[in-house]
Amino acid sequence: MDQFKSKVAPVDGRLAVLLPGMGAVATTFIAGVEAVKAGLSQPIGSLTQMAHIRLGKRSEKRWAMIKDLVPLAKLDDLVFGGWDPIPDDAYTAAAKAKVLSPEHLAQLQPSLSQIKPMAAVFDKNVVKRLEGANVKRGTKRELANQLMQDIRGFMDKNKCTRAVMVWCASTEAYQQPGPEHQSIAAFEKALDADHPNIYPSQLYAYAAIMSGVPYMNGAPNMSCDFPALVQLAEKRGVAIAGKDFKTGQTLMKTIIAPGLKARMLGMEGWFSTNILGNRDGEVLDDPANFKTKEVSKLSVLEQILEPERYPELYKDLQHKVSIHYYKPRGDNKEGWDNIDIVGWMGYPMQIKVNFLCRDSILAAPIVLDLALFSDFAHRAGMKGIQEWLSFYYKSPMAAAGLQPEHDLFIQQTKLKNTLRHLMGEEQITHLGLEYYQS
Ligand SMILES: NC(=O)c1ccc[n+]([C@@H]2O[C@H](COP(=O)([O-])OP(=O)(O)OC[C@H]3O[C@@H](n4cnc5c(N)ncnc54)[C@H](O)[C@@H]3O)[C@@H](O)[C@H]2O)c1
């Protein structure tokens, strides 16, 4: 088993964490890392920083922190950069996002105010509700080249040995893959033809993959989840994953639904609605952008409950999701869920969930874990879709023809077993019969 362990390249030098989109999520993530480094805070919500992992049999009593088992970049070695059409530095952007208190931000101002976004590849046709002057000009091919120059320039300037990219920018309008997304050749031809179906996030993903930089998509829009970029990632040996950070209401869904199904309880309906008032909410108020989010959120229940396998329990399930932009609520989203479940002899019951969550507070540790794990995956020689990172996503990518796994606990087992596998440790099956055999 040590054959895998020996293949993981060591962590040496600094890691560039490149963030297209430096709004609420990205700045809360950076601020949190700086706060942890300064001893002001704990990295709550992050597996890479806080979780333990069991190794070997229970009788061995061997536990390690994930960060001690797996060679991950240290927080002190992260260097943050990014792009945004709005030219605010990270301190100003964080202050405007109003996720963190002014007292917290004041302590972090010296480091945050130094981080200024590079000019973005931005297309107003894809994100209608935003305006921004900090944008690049050129054809799509030229824009992709400029992004590759930015990546190289940032790494050189900051003396980084490696980089990862995590898309934290606004959700783009809904799009289905077209002929130009089907192969590397078709995609590159479309780039040269300046084709309107090549959206900005796809240019960032292309530039990252071409630069040997892992690409993680935090939004629900189609960015690296189509044949051309999956093939390119495999060809160039680059890790990719997506999409849509699993926070808030969908996190709850993937915690509760597997439990109800495990007990073979039926379900007639799940009605979800929420209000939020941040810039993300404003962008999602446009029907084209909301459609992207809706598709991502709706797929979850069906795949967990498998109505085709359990028609008696879930055949008539009605699943509704709505998001309302309501300015006073800011980043502190409120979500309501009404779940109509059915028990023994068909008797109905209801579950109500009222989650007063903080969107970016839940998303920030996901950005950290994806940055560190994707860098680790790259050093371990993993390429293409990283299904073991599904744990972090609402709409996880999986190999063609495979159903993605949505159950949070199966996702967690997959993640931990992948880490054990890569570090030459035994897989844990939870069978446990050996404790009872004489
Ligand atoms: N917070 C959560 O819980 C959560 C969960 C899942 C997904 N997401 C997604 O994460 C993304 C970020 O959320 P947020 O709350 O930080 O939003 P935000 O509006 O605060 O920040 C997004 C930033 O992206 C910038 N941007 C837009 N297009 C860009 C481009 N082409 N290149 C570079 N920058 C661009 C915007 O100017 C803005 O500053 C959104 O797509 C959101 O849907 C967030």
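Counting starts at 1 for both ligands and their atoms, following the listed order. Count residues from 1 along the sequence.
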Notebook entry, point to check: Is the closest heavy-atom distance from L362 to ligand 1 below 4.0 Å?
Noted result: no
Notebook entry, point to check: Which atoms form the tightest heavy-atom contact between G212 and V238, and what is the distance?
Noted result: CA-CG2, 3.7 Å
Notebook entry, point to check: More than 12 foreign heavy atoms under 6.0 Å from OH of Y326: is that the case here?
Noted result: no
Next item on the list: Work out which heavy atom in L19 is nearest to a heavy atom in I30; give both atom names and the distance.
Entry: CD1-CD1, 3.9 Å
Notebook entry, point to check: Where does C168 meet ligand 1, judged by heavy-atom distances below 4.0 Å: at the side chain, the backbone, both, or neither?
Noted result: backbone
Next item on the list: Considering only non-hydrogen protein atoms, determine which one is nearest to atom 13 (O) of ligand 1 and report residue, atom name and distance to 0.1 Å.
Entry: V25 CG2, 3.6 Å
Check: Is G218 near ligand 1, meaning one of its heavy atoms is under 4.0 Å from it?
Finding: yes
Note to self: Heavy atoms only, cut-off 4.0 Å: how does D280 contact ligand 1, side chain, backbone, both, or neither?
What the structure shows: both
Next item on the list: Heavy-atom contacts with R279 under 4.0 Å: which atoms of ligand 1 show up? List them by number with element.
Entry: 19 (O), 38 (C), 39 (O)
Next item on the list: Please tell me if the side chains of D337 and K352 come closer than 4.5 Å, counting only heavy atoms from C-beta onward.
Entry: no
Check: K394: heavy atom below 4.0 Å from ligand 1, yes or no?
Finding: yes
Notebook entry, point to check: With side chains defined as the heavy atoms from C-beta onward, is the minimum distance between I240 and Q386 less than 4.5 Å?
Noted result: no
Note to self: Looking at ligand 1, would D244 count as a contact under a 4.0 Å heavy-atom criterion?
What the structure shows: yes
Notebook entry, point to check: For the residue pair R162 and G13, what are the closest heavy atoms and their distance?
Noted result: NH1-O, 3.6 Å
Item checked: Heavy-atom gap P85 to ligand 1 smaller than 4.0 Å -> yes
Next item on the list: Specify side chain, backbone, both or neither for V121, according to which of its non-hydrogen atoms lie closer than 4.0 Å to ligand 1.
Entry: backbone
Item checked: For the student: nearest non-hydrogen atoms of K416 and I53, plus distance -> O-CD1, 3.7 Å
Notebook entry, point to check: For ligand 1, is any non-hydrogen atom under 4.0 Å from A363's backbone (N, CA, C, O), its side chain (CB onward), both, or neither?
Noted result: side chain
Item checked: Protein heavy atom at shortest distance from atom 25 (C) of ligand 1 -> D84 OD2, 3.2 Å
